[in-house]
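Here's the structure, in structure tokens; my notes come after.
Just so it is clear, the model here is predicted, and its values are computed rather than measured.
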Number of protein chains: 2
Amino acid sequence: MAGVSHATVSRVLNGGRDVSVTARRAVDRALKRTGYTPNHHARQLAGARPDSVGFLNCVDVSQLFADTNINRLWLGCTQALADQGIMLVLPVGAGAARAVDAVLMFSAREADLGDSPLPLVACGTPVGHEGEIAYVTSDDRGGARQMVAYLRESGRRRIATVTGPLDLPSGMLRLAGYRDVVGVVDPGLVVAGDYSYQSGVVAAERLLRQAPDLDAVFVASDLMAVGVIDALTRAGRRVPEDVAVGGFDDAPVARRTWPPLTTVRQAWERIPGELVRQLWRQVDGDGPSGVVLPVELTVRASA
Amino acid sequence: MAGVSHATVSRVLNGGRDVSVTARRAVDRALKRTGYTPNHHARQLAGARPDSVGFLNCVDVSQLFADTNINRLWLGCTQALADQGIMLVLPVGAGAARAVDAVLMFSAREADLGDSPLPLVACGTPVGHEGEIAYVTSDDRGGARQMVAYLRESGRRRIATVTGPLDLPSGMLRLAGYRDVVGVVDPGLVVAGDYSYQSGVVAAERLLRQAPDLDAVFVASDLMAVGVIDALTRAGRRVPEDVAVGGFDDAPVARRTWPPLTTVRQAWERIPGELVRQLWRQVDGDGPSGVVLPVELTVRASA
DNA sequence: TTGTATGCGTTATCAA
DNA sequence: TTGATAACGCATACAA
């Protein structure tokens, strides 16, 4: 009760445009005096702009800070949103995203898609829903294509691949890119992994059995690629002399392997910003659209 | 539009009490057909019970899943709330808790306290605000007292202590418990740590310099205790023959040290349930109250 | 058992 | 620059 109306108080709260200095001061004092806190729900209901967005990782919550890719994105998004005074929240479990005003979605399988009542942007291609869901993604298919083409131009003839989970867009698309350049593929040269180090090891051992004459492997993630290199080395193959290994992501580990990993670099520094930009478009009612960020072949020593 | 009123729909949504079977079915069908999703904000505004609660860790978010204590609590709370169909959300950053309907607060320093507009329960004693904030805590002071008394009864005479952060209630109270039985304390026997392994190592080295004749150490956390044992061992002291070491928490690591750690066991399995129970009391408008859970001296081999 | 009416706390649209 | 006033979508006391 500063002797002014609701409306004036609201104006002060939202930037104080079109409010006289005296009124503003009176309101400010009253606010402080009464320890007033705006009600988030009422605010959102009345149509305020979202001020909390959820970082929804469809795969695994507990691994959030262990997976360097997700971690990088998390940090970037936190930053990009904090710049605008918006909080990033981590909803956990099935319907938990209802607690926030908007959603950033990661590692979504087809089943995770479906129309959301909230403004939503997917990180990665929402395969099969490209026209309905806004998204930002790296050029997975193009990147895979670049890598495999590079391997081939380096004179490799028996190029195998370790894929990511095939129910994930990135997994499917990187395999598609491999197919694009290899043409008709020998099934013995394709093994599925799950992006983990361990699955890289297992996949490489299997590959060695199925196709002992392979001379290159395109691995769909750097972490798996490390596993592949380790397994290959243990089996007595030299990298890259006997077998060239190419990864994907340019994760921090790519610089620390021996030999350093040739990989496809994702534009990590751009993704969070684009994600947030797309989210605002969504909030402003623009139709869903997709942003495909270019990737860059980064040649080091493993291939 | 199932041919019924708003109120009936609302009733169906909230359990369907006092609704005829036919009406309920009609509503259910209409709901499915239209893909209706209730608006969370409107619901909360209209006075519904909270259905998203925030797990607010005041210290460090990124370490959430690394700290075994916090991790245990996180899992327990997720479970306890999921049983009631409620989602646990992880708000990150200063004001992020505003996105949820209620708050569970961990590792709060005095500065983090202050009256919240949301129902809130602290895990740990809100020192200086005991009457204003509801809380659930282990008996830190009593536990420390038990441990130090046990050390003394075992014939130890120069009992040192490595404290936790002294701006954290648990840190202060465990030190207070130590004081309670030691009486007038030799300042050379007290070194502050921060609950980390590394700080245990550093503290022990310092203690060895300041008080080479010590014959026991009460360490305020198991993780630090491991560091203390390692440092002691490296310095040529045998545990427990030369120096007895007692920890606090009964973290998983306590069983895996050598020698296995004598420690103060917190009732981890009870804390989440009590926290949630207190939260509902809070929601129902009961005045803040505190729950102090007993701890148990667990004697293994290190003391 | 059902419908009507009111209020929740805020923003936004108008007049004044 | 300000103050009424109407939404916002839902829950609930009360009337029917």
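Rounding to the nearest 0.5 angstrom, the gap separating the CE atom in B/Met87 from the CG atom in B/Asp51 is 8.0 Å. In this structure, CD1 in B/Ile70 is found 5.0 Å from CZ in B/Phe55, a value given to the nearest 0.5 Å.
Each of B/Gly47 and B/Arg24 was assigned the nucleotide of DNA chain C with the nearest heavy atom; the assignment lying further toward the 5' end belongs to B/Arg24.
The side chain of B/Ser20 contributes an N or O atom lying less than 4.0 Å from OP1 or OP2 of C/dT2. Distances shorter than 4.0 Å separate some side-chain N or O of A/Thr8 from OP1 or OP2 on D/dG3.
When every heavy atom of B/Trp268 is checked against every heavy atom of B/Pro272, the shortest pair comes out as O-CD, 3.1 Å. Nearest approach of A/Gln44 to A/Pro50, heavy atoms of both residues: NE2-CA, 3.8 Å. Residues A/Asp250 and A/Arg72 approach most closely at O-NH2, 3.0 Å, considering heavy atoms.
Classification of B/Arg43 and B/Asp101 as a salt-bridged pair fails, no side-chain N sitting under 4.0 Å from a carboxylate O. Note on A/Arg49 versus A/Asp284: salt bridge recorded, some NZ/NE/NH1/NH2 to OD/OE distance being below 4.0 Å.
Nearest to the side chain of B/Ala46, among C/dC8, C/dT11, C/dT2, sits C/dC8.
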**Prompt:** According to the Watson-Crick and G-U wobble definition with distances under 3.5 Å, which dot-bracket string, read 5' to 3', encodes DNA chain C, using [ ] for crossing pairs and | for pairs with another strand?
**Reply:** |.||||||||||||||
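For the segment residues 35-45 of chain A, the set of residues with a heavy atom within less than 4.0 Å of an atom of DNA chain C comprises A/Tyr36, A/Thr37, A/Pro38, A/Asn39, A/Ala42, A/Arg43, in numerical order.
The aromatic rings of B/His41 and A/His41 sit tilted, their planes meeting at an angle between 30° and 60°.
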**Message:** Pair A/Glu110, A/His129 - check side chain to side chain donor-acceptor pair (under 3.5 Å), show working.
**Reply:** CA-CA 9 Å; A/Glu110 173 131 26; A/His129 300 251; 3.2 Å; yes
Might you list the N or O atoms of the protein lying below 3.5 Å from N or O atoms in nucleotides 13-16 of chain D, with each pair's distance?
none

